[in-house]
Novice: 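Dropping a structure here in structure tokens format, bear with me for questions.
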Amino acid sequence: MKFIIEHLSKNFEKRQVLKDIDFTFESGKIYGLLGRNGAGKTTLFNCLNRDLKADGGDFCIEEDGKRRPVAAMDIGYVLSTPTVPEFLTGREFLKFFLDINEKNIQDPRSIDEYFEYMRIEPEDREKLLKDYSHGMKNKMQMLINIIARPNVLLLDEPMTSLDVVVAEEMKHLLRSLKQGRVTIFSTHIMDLALDLCDEIVLLNHGELEAIPKEDLDNDEFKERILAALREEDHE
């Protein structure tokens with residue numbers, strides 16, 4: 001399966017954030033979307049999730065050599081700032097999600113099996129989501145996407161503000177889930193992208209560029225990328 005972006009563009013008044021982007025992502029890989037804060041990573045994700053209307057271009061899924069439009073169920077999106085219904089408990093939220101998606105869930109498990117999979121303790125399952133930590137809310141976002149099994153999983157700076165233990169758990173989880181889907185992991189931290197991701201994609205000056213990971217082990221090449229990002233930051 002491939003996720004193909006063609007001629008995608010987005011402007012905000014006179015500023016062109018995304019410039020005629022063409023890129024093909026392949027399933028079974030985690031792509032590190034590397035760019036400075038403000039480079040347009042979230043804008044790209046919002047266009048792909050159709051939360052934001054692109055000014056031009058399109059994207060599609062290719063399976064067995066045949067292309068088809070991207071359906072809502074194809075895309076999973078984990079926001080950097082978790083958005084959950086804080087008036088529900090963890091158990092109530094998960095039950096609600098399972099009930100409304102009952103016909104689409106493959107190999108359903110019990111609620112407690114899902115909680116155990118995410119290492120959410122029994123006492124936390126009955127708490128209101130408003131009392132969850134940032135990391136716990138992030139786990140709930142990830143759990144929903146694990147259950148939904150989207151073909152394309154967009155992760156917008158998902159490890160921001162996570163403690164070391166939760167961050168390591170999240171990295172292990174993402175590696176275990178990458179088969180059969182495209183995972184695009186947005187970050188501005190180069191070392192995190194190198195540690196977690198199979199492929200590195202640089203978003204710079206509104207364009208996507210594939211960067212061989214072996215080049216990023218070269219200090220001179222790494223400095224050239226950092227210099228390019230600093231240059232854009234001053235524009």
Novice: Any carboxylate oxygen within less than 4.0 angstrom of a Lys/Arg side-chain nitrogen, looking at Lys139 and Asp124?
Specialist: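 Result for this pair is no, no salt bridge flagged.
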Novice: Looking at every heavy atom in both Asn138 and Pro82, which two are closest together, and how far apart are they?
Specialist: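 Closest pair (atom of Asn138, atom of Pro82, distance): N-CG, 3.9 Å.
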Novice: Taking the side chain from Asn151 and the backbone from Arg181, do they hold a donor-acceptor pair closer than 3.5 Å?
Specialist: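 Side chain of Asn151 to backbone of Arg181: no pair is present.
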Novice: Measure across Thr81 and His134 and return the closest heavy-atom pair with its distance rounded to 0.1 Å.
Specialist: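 Scanning both residues, the minimum pair turns out to be CA-CE1, 4.4 Å.
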Novice: Considering only heavy atoms from C-beta outward, does the side chain of Ile61 approach that of Val152 to under 4.5 Å?
Specialist: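 Ile61 reaches Val152 side chain to side chain.
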Novice: How about NZ on Lys2, more than 12 heavy atoms from neighbouring residues, nucleotides or ligands closer than 6.0 Å, or not?
Specialist: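 Atom NZ in Lys2 is not packed in, count stays at 12 or less.
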Novice: Is the closest basic N to carboxylate O distance between Glu92 and Lys95 below 4.0 Å?
Specialist: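 So Glu92 does not pair with Lys95 through a salt bridge.
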Novice: Distance check, rounded to the nearest 0.5 Å: Leu153 atom CG versus Asn145 atom CG?
Specialist: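 Going from CG on Leu153 over to CG on Asn145, the span is 5.5 Å.
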Novice: Look only at the side chain of Gln141 and the backbone of Leu79, and say whether a donor-acceptor pair between them is shorter than 3.5 Å.
Specialist: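 Side chain of Gln141 to backbone of Leu79, a donor-acceptor pair under 3.5 Å: yes, one is there.
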Novice: Do you reckon Ile105 sits in the same ILVMFWY cluster as Ile144, going by side-chain contacts under 4.5 Å, direct or chained?
Specialist: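 Yes, one cluster joins them.
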Novice: Decide whether Phe87 and Leu129 are clustered together by the hydrophobic rule: side chain heavy atoms of Ile, Leu, Val, Met, Phe, Trp, Tyr closer than 4.5 Å, transitively.
Specialist: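 In one cluster: yes.
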Novice: So, do Glu157 and Thr187 sit near enough that their side-chain heavy atoms are less than 4.5 Å apart?
Specialist: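 Yes - at least one pair of side-chain heavy atoms lies under 4.5 Å apart.
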Novice: Could you pull out the closest heavy-atom pair between Ile146 and Arg149, with the gap in Å?
Specialist: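 Scanning both residues completely, I find the closest heavy atoms to be O-CG, 3.3 Å.
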Novice: Supply the members, apart from Ile100, of the Ile/Leu/Val/Met/Phe/Trp/Tyr cluster built from side-chain contacts under 4.5 Å; use none for a lone residue.
Specialist: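 Reading the cluster by chain and number, Ile100 sits alongside Phe96.
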Novice: To the nearest 0.5 Å, how far apart are CG in Leu155 and CG in Leu33?
Specialist: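 With rounding to 0.5 Å, CG (Leu155) is 10.5 Å from CG (Leu33).
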Novice: Would Val70 and Leu52 show up in the same hydrophobic cluster when neighbours are defined by side-chain heavy atoms closer than 4.5 Å?
Specialist: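 Yes.
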Novice: For the backbone of Glu86 and the side chain of Tyr132, can you confirm whether one donor and one acceptor N or O come within less than 3.5 Å of each other?
Specialist: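 Between the backbone of Glu86 and the side chain of Tyr132 there is no qualifying donor-acceptor contact (under 3.5 Å).
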Novice: Check Glu13, Lys19, Lys14 against Gln16 for a side-chain contact (heavy atoms from CB on, under 4.5 Å) and give me the one that passes.
Specialist: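 Looking at Glu13, Lys19, Lys14, the match for Gln16 under the side-chain contact (heavy atoms from CB on, under 4.5 Å) is Lys19.
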Novice: Determine the minimum heavy-atom distance between Lys10 and Lys53, stating which atoms define it.
Specialist: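 For Lys10 and Lys53, the tightest heavy-atom pair comes out as NZ-O, 2.9 Å.
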Novice: For the atom pair CG (Asn11) and CG (Asp55), what is the distance rounded to the nearest 0.5 Å?
Specialist: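 Asn11 CG to Asp55 CG: 5.0 Å, rounded to 0.5 Å.
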Novice: What ring-ring contact (aromatic ring centres under 6.0 Å, His included) pairs are there with at least one residue in residues 100-126, not counting sequence neighbours?
Specialist: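 Counting only pairs at least two positions apart or across chains, no ring-ring contact (aromatic ring centres under 6.0 Å, His included) contact touches residues 100-126.
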Novice: In the single-linkage hydrophobic clustering (I, L, V, M, F, W, Y; side-chain heavy atoms under 4.5 Å), do Ile4 and Ile21 co-cluster?
Specialist: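 No, separate clusters.
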Novice: Does the distance from a Lys or Arg side-chain N to an Asp or Glu carboxylate O, for Arg67 and Asp58, drop under 4.0 Å?
Specialist: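 Looking at Arg67 and Asp58, the cut-off is not met.
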Novice: Going hydrophobic residue to hydrophobic residue with side-chain gaps under 4.5 angstrom, can you get from Leu154 over to Met1?
Specialist: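 Linked, Leu154 and Met1 end up in one cluster.
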Novice: Rounded at 0.5 Å granularity, tell me how far CG in Asp131 sits from NZ in Lys137.
Specialist: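 So the gap between those two atoms works out to 8.5 Å.
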Novice: Determine the minimum heavy-atom distance between Leu44 and Leu8, stating which atoms define it.
Specialist: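 Reported closest heavy-atom pair: CD1-CD2, 3.6 Å.
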Novice: Any non-hydrogen side-chain atom of Glu116 less than 4.5 Å from a side-chain atom of Arg125?
Specialist: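 They are in contact (side-chain heavy atoms under 4.5 Å apart), so the answer is yes.
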Novice: Is there a side-chain contact between Asn204 and Glu209 in this structure, where contact means two heavy atoms from C-beta onward sitting under 4.5 Å apart?
Specialist: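 No, every pair of side-chain atoms sits at 4.5 Å or beyond.
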Novice: Going from CG on Asp156 to CD1 on Ile184, what distance comes out if it is rounded to the nearest 0.5 angstrom?
Specialist: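 One finds 11.5 Å between CG of Asp156 and CD1 of Ile184.
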Novice: Which one of Ile120, Thr89, Asp99, Leu143 satisfies the side-chain contact (heavy atoms from CB on, under 4.5 Å) criterion with Leu94?
Specialist: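 Going through the options one by one, the only one that passes is Leu143.
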Novice: Closest approach of Leu34 and Lys41, non-hydrogen atoms and distance?
Specialist: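 Nearest heavy atoms, Leu34 then Lys41: C-CD, 4.4 Å.
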Novice: Count the heavy atoms belonging to other residues, nucleotides or ligands that lie under 6.0 Å from CD of Glu102, then report whether that count exceeds 12.
Specialist: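 Counting neighbours around CD of Glu102, 12 or fewer heavy atoms of other residues, nucleotides or ligands fall under 6.0 Å, so no.
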Novice: When you look at Lys130 and Val84, which way does the side-chain contact (heavy atoms from CB on, under 4.5 Å) test go after all the steps?
Specialist: CA-CA 8 Å; Lys130 73 179 182 67; Val84 293; over 6 Å; no
Novice: Within the 4.5 Å heavy-atom criterion, are Glu169 and His172 side-chain neighbours or not?
Specialist: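 Contact flag for Glu169/His172 side chains = no.
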Novice: Once ring-ring contact (aromatic ring centres under 6.0 Å, His included) is applied, what residue pairs with a partner in residues 12-51 remain, sequence neighbours excluded?
Specialist: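 Qualifying pairs: Phe23-Phe25, Phe25-Tyr31, Phe45-Tyr77.
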Novice: Determine whether Leu177 and Thr183 satisfy the following criterion, side-chain contact (heavy atoms from CB on, under 4.5 Å), listing intermediate values before the conclusion.
Specialist: CA-CA 9 Å; Leu177 294 172; Thr183 304; over 6 Å; no
Novice: Looking at Asp195 and Arg175, does any basic side-chain N land under 4.0 Å from a carboxylate oxygen?
Specialist: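 Looking at Asp195 and Arg175, the cut-off is met.
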Novice: When rounded to the nearest 0.5 angstrom, what distance separates CD1 in Ile30 from CD in Glu199?
Specialist: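 It comes to 11.0 Å.
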